[in-house]
Amino acid sequence: MKVLVVGSGGREHALLWALKKSPILTGLYVAPGRAAVRNLGVLVNINIKNPIDVTRFCKRENIKLVIIGPEQPIIDGLANNLVAEGINVFAPSQAAAKLEASKSFTKMLCKQYGIPTAKYECFIDEGLAKNFILSNKIKFPLVVKANGIAAGKGVIICNRESEAFVAIDSMLVEKKFGESGEEIVIEEFLVGEEISFFVLVDGLKVVTLGCAKDYKRADESNDSQNTGGMGSYSSPSIISKDMEQKIIQRIIYPTIQALANMGTPYRGVLFAGLMICKNDPKLLEYNVRFGDPEIQSILPRFDKNCDLLKLMLSVAEGKLSSKIVELTNKTIICVVVASKGYPGNYQTGEVIKGLDEIESIPGILVFHAGTKLDKSGNWISDGGRVLNVVGEGSTLEEAKNKVYSALNFLRWPGGFFRYDIGS
Ligand code: AMP
Ligand code: GLY
C-alpha cells in the first residue's frame with residue numbers, strides 16, 4: 001500500500017520511522033518533508049496548501065492513505081477534499097477539526113454534554129469581557145485565551161485585573177492575534193498535573209494510544225516563555241488504568257458521541273490536553289493531531305507486533321477493531337534541541353556536528369524537526385525547534401542518563417535544550 005505523509009517536522013519524521021516498519025507498506029511519500037527523511041520516504045514537491053495539487057498527486061501515484069501531520073491543513077479542510085475524491089485520510093474533517101480550531105465551540109460542547117473543564121465565559125466585546133472580570137465570578141489567577149489557533153501564544157495567564165485588561169485589549173482591540181482573537185474565552189485557572197492524552201477514533205470507536213508529559217516552557221524556570229514543547233516523556237506509570245478509564249468515560253466518549261450526533265463524526269487521532277485535579281481529569285483543550293514532541297516519545301514504545309499503518313488505515317476506513325494499542329513498558333524521553341532565541345528570534349543556517357555519533361548509540365534515535373543539508377553534506381539548522389534526541393530506558397532515570405549522555409556528542413554552539421526533561 002502506498003502512503004503519503006503531509007508535514008515536515010519532528011512529529012512527521014517519527015511517523016515515517018514507525019510507518020516504515022509496516023509489512024503492508026509498498027511506497028512511502030512525504031510532502032514537503034526534509035532531507036533528513038529522504039531515506040524513509042520520497043520527498044514530494046507539491047503545495048500542501050492546494051488540495052487540488054495533493055489530490056492530483058495521490059491519484060497519479062495511486063496513494064491509498066494520506067496522513068496529515070500538522071493542524072493547519074486539517075483545519076483548512078484538506079481531509080474533506082481528499083475524501084471527496086475517494087482517498088482514505090487519517091485526519092478529521094474540517095467540521096470535526098473545530099475541536100482545535102475553536103475553543104468556544106469545544107467549551108460549548110463541554111457545557112452541553114457535561115464534560116469536566118475549567119469554568120468559563122466567551123466574549124467578542126471588550127467592555128463585556130472587562131465587566132466580567134470586575135464581577136469576580138472567576139477568581140485570579142485566571143486565563144484569557146484567543147478562540148482560534150495561535151501557535152501556542154494565545155493563552156495568557158493573568159494574576160491581576162490590569163493583566164487581564166491588557167490581555168483582553170491585545171486580542172479584542174489591538175487584534176494582535178488576528179481572526180483567532182476576535183472571540184476570547186476567559187476561564188478559571190486549574191491547578192493539577194498536566195498530561196497529553198491520545199486516542200485513535202474511527203467515527204464512534206475509540207482506542208487508547210497512551211499519554212505523555214510535555215515540557216512547554218523554554219527553559220527550566222517556571223516563568224519562561226511557552227513554546228511548542230521542549231521535550232516529552234512517556235512511560236507506563238504516568239497515569240493509572242483507573243484514571244485512563246475516567247478520562248475515556250467522562251471526556252473522550254461524550255465528545256465523540258457529540259460529534260457523531262452533530263453529523264460530523266471524528267476520525268483520526270484526538271489529543272486531549274488534560275489537567276488532573278485531585279484525581280479528577282479536566283479538559284484544557286483538544287488538538288486534532290498528534291502532539292509534537294509527545295508522539296516522538298510514544299511511538300518508540302509500540303510493541304513490535306503493533307502495526308501503526310494498519311491502525312491508521314482502520315481509523316480512516318471506520319473499521320477500528322483492536323481494543324488497545326500494545327505499548328512496551330519502556331520509558332522514552334525526547335529532548336528537543338532548539339535554536340538559541342526560540343520561541344523568539346533566532347538564527348538559522350548554522351552547522352550542526354555530532355549527529356552520526358549520537359545516532360550510532362544503541363537505544364538512541366534522532367528525529368529532525370528543522371534541518372537541511374548543505375552542499376558539503378553538513379546538517380544545517382533551519383528552524384526554531386531543530387532536533388529531537390530520543391532515548392529509552394527501563395526507568396525514567398535510565399532513559400534520562402541515556403539521552404543526556406548522547407547529547408554530550410552534539411556540537412552546535414547555537415543550539416540549546418532543557419536539562420530537566422523527565423524530572
Ligand atoms: P493551550 O494552548 O490551551 O494548551 O494552553 C497552553 C498552556 O497553558 C497549557 O498547556 C497549560 O499549561 C496552560 N493552561 C491553559 N489553560 C489553562 C487553565 N485553564 N488552567 C491552567 N493552565 C492552563
Ligand atoms: N506539544 C504540544 C502540541 O503539540 O500542541
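Atoms within each ligand, like the ligands themselves, are counted from 1 in listed order. Here the structure is a predicted model, which means the values were calculated and not measured.
- In terms of polar-atom proximity, defined here as any N/O pair under 3.5 Å, E294 does make such a contact with ligand 2.
- Close approach to K216 involves these atoms of ligand 1, each under 4.0 Å from a residue heavy atom: 9 (C), 10 (O).
- Residue I364 holds its CD1 atom at 7.5 Å from CG of L407, rounded to the nearest 0.5 Å.
- Residue-ligand proximity, F271 to ligand 2, at heavy-atom distances under 4.0 Å covers atoms 3 (C), 4 (O), 5 (O).
- The aromatic ring centres of F57 and Y29 sit less than 6.0 Å apart.
- Between the side chain of Y233 and the backbone N or O of V335 there is no donor-acceptor pair closer than 3.5 Å.
- Backbone and side-chain nitrogen or oxygen atoms of K145 are examined, and one is located within less than 3.5 angstrom of a nitrogen or oxygen of ligand 1.
- Between F123 and F132, the ring center distance clears the sub-6.0 Å criterion.
- Proximity of R11 to ligand 2 is not established, as no heavy-atom distance is less than 4.0 Å.
- Set against the non-hydrogen atoms of E187, the atoms of ligand 1 under 4.0 Å away are 16 (N), 17 (C), 18 (C), 19 (N).
- Looking at E194 against ligand 1, only its side chain comes within 4.0 Å, counting heavy atoms.
- Those atoms of ligand 2 with a heavy atom of R289 less than 4.0 angstrom away are 3 (C), 4 (O), 5 (O).
- The contact set between ligand 2 and G291, taken as ligand atoms under 4.0 Å from a residue heavy atom, comprises 4 (O).
- In terms of N/O distances under 3.5 Å, ligand 1 is not approached by K103.
- Ligand 1 has no N or O atom lying under 3.5 Å from any N or O atom of I157, backbone or side chain.
- With respect to E182 and K175, no salt bridge is recorded, no charged nitrogen being found less than 4.0 Å from a carboxylate O.
- The closest protein non-hydrogen atom to atom 18 (C) of ligand 1 is L284 CD2, 3.5 Å.
- Remark: distances from the non-hydrogen atoms of P293 to ligand 2 include one below 4.0 Å.
- Of the protein's non-hydrogen atoms, the one nearest atom 6 (C) of ligand 1 is V155 CG2, 4.0 Å.
- Ion pair K176/D169 not flagged as a salt bridge, since none of the NZ, NE, NH1 or NH2 atoms sits closer than 4.0 Å to an Asp/Glu carboxylate oxygen.
- Residue L190 touches ligand 1 through backbone and side chain together, judged by heavy-atom distances below 4.0 Å.
- N81 contributes atom CG, which lies 9.5 Å from atom CD1 of I87 (distance to the nearest 0.5 angstrom).
- Separation of atoms CG (L25) and CG (L28) is listed at 5.0 Å; rounding is to 0.5 Å.
- A salt bridge links E193 with K213: at least one charged nitrogen is closer than 4.0 Å to a carboxylate oxygen.
- Every atom of ligand 2 with a heavy atom of D214 under 4.0 Å away is listed here by number and element: 1 (N), 2 (C).
- Protein heavy atom in closest approach to atom 3 (O) of ligand 1: E285 OE1, 3.3 Å.
- Near M275, meaning under 4.0 Å from one of its heavy atoms, ligand 1 places the atoms 21 (C), 22 (N).
- The pair E187-K145 meets the salt-bridge criterion, since a charged nitrogen lies less than 4.0 angstrom from a carboxylate oxygen.
- Taking a cut-off of under 4.0 Å to the non-hydrogen atoms of F189, the atoms of ligand 1 that pass are 20 (N), 21 (C), 22 (N).
- Between S234 and R301, the side chains place a donor N or O and an acceptor N or O closer than 3.5 Å (distance only, hydrogens not considered).
- Residue G228 approaches ligand 2 through these ligand atoms, each under 4.0 Å from one of its heavy atoms: 1 (N), 2 (C).
- Of the inter-residue distances, the one linking Y342 atom OH with Q225 atom CD reads 9.5 Å to the nearest 0.5 angstrom.
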